[in-house]
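Note sheet for the following structure.
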Amino acid sequence: RTPERFNNVSEYIDSFSGKDYIFFKQLNTALPLKFWEYEKNEVKLNLTGYGFADKKSVAKIVKLLLKQPDLDIIDDASDALALAILGSRN
């Protein structure tokens, strides 16, 4: 991805992934920003105690940690919440 392929700065910024955008915004602030990257088995191990847990197990632990046992969420949302929980521990 190079800036020359875009008509204006807005198109270039719109092409950023989430991490790229956060990094770009960080360049314009004085606040320190840290990134963590986790393998899926690392997330599962930290939350469930078993690195090969299935998505239902991860969702169950997320609901328990959030104290919302009746929360109706899809797998992708529980994965995102699992990452947020793990990131908040660092």
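Sequential numbering from 1 along the given sequence is applied to the chain's residues.
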Is any side-chain heavy atom of Leu83 less than 4.5 Å from a side-chain heavy atom of Tyr38?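 Yes. Closest side-chain heavy atoms under 4.5 Å.
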Are Arg89 and Leu47 side-chain neighbours, meaning at least one heavy-atom pair lies under 4.5 Å?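 Arg89 reaches Leu47 side chain to side chain.
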Please check if any side-chain donor atom of Ser57 sits under 3.5 Å from a side-chain acceptor atom of Asp54, or the reverse.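 Ser57 vs Asp54: donor-acceptor pair found between side chains.
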To the nearest 0.5 Å, how far apart are [atom1] in [X] and [atom2] in [Y]?
| X | Y | atom1 | atom2 | result |
| --- | --- | --- | --- | --- |
| Lys44 | Glu39 | NZ | CD | 11.5 Å |
| Leu66 | Ile61 | CG | CD1 | 11.0 Å |
| Tyr50 | Leu45 | OH | CG | 10.5 Å |
| Asp76 | Ile74 | CG | CD1 | 5.0 Å |
| Ser78 | Lys56 | OG | NZ | 10.0 Å |

Closest non-hydrogen atom pair, Ala53 against Thr48: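 Nearest pair, atom of Ala53 first, then Thr48: CB-OG1, 3.4 Å.
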Atom NZ of Lys63 with >12 non-hydrogen neighbours under 6.0 angstrom: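 Enclosed: over 12 neighbouring heavy atoms sit under 6.0 Å from NZ of Lys63.
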